[in-house]
Peer 1: 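Quick one: this structure, given as structure tokens, is what I'll be asking you about.
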Amino acid sequence: MPELPEVETVVRGLRDSLAGRRIVSVRLGKTDFIDDPAALERELPGLRIETISRRGKFIVLGLGNGAAVGEDGSSDSALLVHLGMTGNLSPRAAAEPLLPHTHVQLALDDGRELRYTDPRRFGRMAWLPATRLAEFGARLGAEPLAVNESEFAARLAGRRAMIKALLLDQHVFAGLGNIYADESLWRARVHPRRHASSLKPQQVCRLWREVRHVLQASLRAGGSSISDFRNADGQPGWYQLRHRVYQREGKACYRCRSKIRRVIVAGRSSHFCPQCQPRPRSR
DNA sequence: CGTTGAACCTGTTTGC
DNA sequence: TGCAAACAGGTTCAAC
């Protein structure tokens with residue numbers, strides 16, 4: 001579920017209600033998706049949530065002791081939350097009954113709890129001290145909405161891998177996932193199996209524009225809700241109503257009425273129009 | 001480097 | 001109806 005637009009939607013929803021709140025206590029259920037569960041229990045109580053931001057598909061809760069806040073806005077430490085496929089992070093009244101698969105409860109100083117639920121537990125959670133924060137950011141690729149055209153092209157230059165694989169690779173661009181990769185490629189008329197190095201500069205430029213277009217349009221829609229994505233307020237997004245190829249196998253292309261096809265590329269279902277997105281010459 | 005397949009989990013949908 | 005297979009927004013690792 002959660003790619004850049006969904007994660008950003010969650011972050012924006014959390015920002016107002018969470019900023020300035022202090023974590024009072026930590027309660028953990030299943031912990032196999034947490035890097036170091038003991039560190040959460042040891043470090044989080046007493047810390048204040050100072051910032052709520054996003055890096056790639058990670059939610060970053062910037063934490064501090066509330067006393068001496070760094071002037072530069074940097075935090076003493078951070079709690080990273082990756083929603084995986086089915087993760088959900090939202091504040092609830094402490095009295096509210098727990099939803100199934102609730103694995104983390106962070107009690108806040110205003111009587112609420114920040115709860116993390118995740119049926120499949122493909123998500124991740126980790127507490128990082130400031131010293132490890134920089135390396136975390138450095139390991140991730142560029143923010144697709146922050147790169148300009150030439151930076152975008154530079155990231156693909158000299159890469160012989162299939163374009164779909166590179167769009168999904170979080171070390172290249174951080175935040176794109178299966179939905180928005182397919183939607184961007186359809187808009188740019190590029191076949192998912194095209195090798196990046198075979199794309200003409202004009203096609204790379206087009207792809208850069210369409211990636212931005214799709215992400216921004218989805219952001220305005222509050223993301224895509226395929227089955228279970230909900231923002232921090234429990235509301236679904238509606239960008240799924242705008243999908244042009246994703247999960248539209250066998251249906252008519254919005255441009256040329258050809259039947260949308262689905263193939264596996266980079267191990268993931270990939271939807272494309274065989275007419276609008278001609279397959280590469282050979283391999 | 002690049003590609004594939006499996007693994008990690010649970011839930012829902014599809015097909016025989 | 002019932003059961004098995006396929007599939008799902010993600011990442012990581014081993015093997016070739």
Side-chain angles (χ1 to χ4, degrees), chain A residues 1-11 29-35 54-59 80-89 99-104 116-126 136 139-141 144 155-185 192-199 211 214-215 218-219 221-231 236-250 261-271 280 282-283:
Chain A
M1 154 218 87
E3 305 179 31
L4 188 153
E6 290 76 33
V7 179
E8 181 65 27
T9 296
V10 170
V11 163
K30 290 186 177 175
T31 58
D32 54 357
F33 63 98
I34 303 175
D35 281 14
R54 176 192 62 75
R55 178 73 176 93
K57 296 173 189 170
F58 286 88
I59 297 166
L80 302 184
V81 182
H82 193 300
L83 300 175
M85 295 275 248
T86 52
N88 180 278
L89 187 68
L99 292 170
H101 308 291
T102 298
H103 305 303
V104 178
Y116 180 76
T117 63
D118 188 354
R120 293 178 74 178
R121 303 201 302 286
F122 279 5
R124 258 185 69 195
M125 207 173 284
F136 153 75
R139 288 168 42 86
L140 286 175
R155 293 236 157 214
L156 298 177
R159 298 295 300 262
R160 264 170 266 195
M162 291 178 279
I163 186 63
K164 167 96 184 231
L166 292 176
L167 291 179
L168 291 179
D169 186 343
Q170 301 298 297
H171 302 291
V172 180
F173 300 110
L176 285 173
N178 210 30
I179 295 176
Y180 301 108
D182 280 4
E183 294 295 318
S184 302
L185 288 167
R193 284 199 172 126
R194 282 289 298 275
H195 292 260
S197 54
S198 81
L199 294 173
V211 164
V214 164
L215 293 178
S218 179
L219 225 29
S224 302
S225 293
I226 301 299
S227 68
D228 51 17
F229 169 67
R230 295 295 182 274
N231 66 20
W238 51 266
Y239 195 71
Q240 68 281 1
L241 303 174
R242 295 249 81 98
H243 291 175
R244 288 304 182 244
V245 278
Y246 183 75
Q247 289 192 340
R248 295 197 64 249
E249 182 183 16
R261 297 231 299 132
R262 180 175 75 93
V263 296
I264 302 299
V265 182
R268 311 292 301 279
S269 273
S270 299
H271 312 77
S282 58
R283 51 156 294 129

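Residue numbers begin at 1 in each chain, while the letters A, B, ... track the order of the sequences.
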Peer 1: When you measure from the side chain of A:Met162, which nucleotide among C:dG10, B:dT3, C:dT12 comes out closest?
Peer 2: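 Nearest listed nucleotide: B:dT3.
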Peer 1: With respect to the side chain of A:Arg121, which nucleotide from C:dA8, B:dT3, B:dT10 is positioned closest?
Peer 2: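 Shortest atom-to-atom distance from the side chain points to B:dT10.
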Peer 1: Does the side-chain ring of A:Phe122 lie flat on the base of C:dT11, meaning centres under 5.5 Å and planes less than 30 degrees apart?
Peer 2: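 Answer is no, no stack.
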Peer 1: Can you find a side chain N or O atom of A:His101 that sits less than 4.0 Å from OP1 or OP2 on B:dC9?
Peer 2: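 Negative; the distance criterion is not met.
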Peer 1: Ignoring backbone atoms, establish whether A:Gln170 has a side-chain N or O less than 4.0 Å from OP1 or OP2 of C:dT11.
Peer 2: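 It does, given that an N or O in the side chain of A:Gln170 lies less than 4.0 Å from OP1 or OP2 of C:dT11.
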Peer 1: Quick one: is C:dT11 close enough that its OP1 or OP2 comes under 4.0 Å of any side-chain N or O from A:Lys57?
Peer 2: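 So the side chain of A:Lys57 is within the cut-off, an N or O lying under 4.0 Å from OP1 or OP2 of C:dT11.
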Peer 1: Where the side chain of A:Arg268 is defined as all heavy atoms beyond and including C-beta, which of B:dT3, C:dG10, C:dA8 is the nearest nucleotide?
Peer 2: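 The closest nucleotide is C:dG10.
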Peer 1: Which part of the nucleic acid, if any, lies within reach of A:Gly177 when heavy atoms closer than 4.0 Å are counted: base, sugar-phosphate only, or nothing?
Peer 2: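 Result for A:Gly177 = sugar-phosphate.
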Peer 1: Given B:dT10, C:dA8, B:dT3, which nucleotide is nearest the side-chain atoms of A:His195?
Peer 2: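 Of the candidates, B:dT3 comes closest.
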Peer 1: Contact class for A:Asp118 (heavy atom, under 4.0 Å): base, sugar-phosphate, or nothing?
Peer 2: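 The answer is nothing, as A:Asp118 stays clear of every strand by at least 4.0 Å.
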Peer 1: Distance from A:Ile163 atom CD1 to A:Ser270 atom OG, nearest 0.5 Å?
Peer 2: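 The CD1 atom of A:Ile163 sits 12.0 Å away from the OG atom of A:Ser270.
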Peer 1: Of all the choices, B:dC9, C:dG10, B:dG2, which nucleotide is nearest to the side chain of A:Arg159 once you look at every atom?
Peer 2: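 Side chain of A:Arg159 sits closest to B:dG2.
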Peer 1: Choose from B:dT3, B:dG2, C:dA8 the nucleotide whose nearest atom is closest to any side-chain atom of A:Ser269.
Peer 2: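 Closest nucleotide among those given: C:dA8.
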Peer 1: Applying a 4.0 Å non-hydrogen cut-off, can you work out what A:Arg262 is touching in the nucleic acid: base, sugar-phosphate, or nothing?
Peer 2: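 A:Arg262: backbone/sugar contact only, no base atoms under 4.0 Å.
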Peer 1: Applying a 4.0 Å non-hydrogen cut-off, can you work out what A:Phe33 is touching in the nucleic acid: base, sugar-phosphate, or nothing?
Peer 2: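 No contact at all - A:Phe33 keeps every heavy atom at 4.0 Å or more from the nucleic acid.
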Peer 1: Please check if the distance between the ring centroids of A:Tyr116 and A:Phe33 is under 6.0 Å.
Peer 2: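 Judged by ring-centre distance (under 6.0 Å), A:Tyr116 and A:Phe33 do meet the cut-off.
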Peer 1: What I want to check is whether the side chains of A:Ser269 and A:Arg262 have a donor and an acceptor closer together than 3.5 Å.
Peer 2: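 Side chains of A:Ser269 and A:Arg262: pair found under 3.5 Å.
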Peer 1: How far does the P atom of C:dC3 sit from the matching atom of B:dC9, given to the nearest Å?
Peer 2: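 One P to the other, the span is 25 Å.
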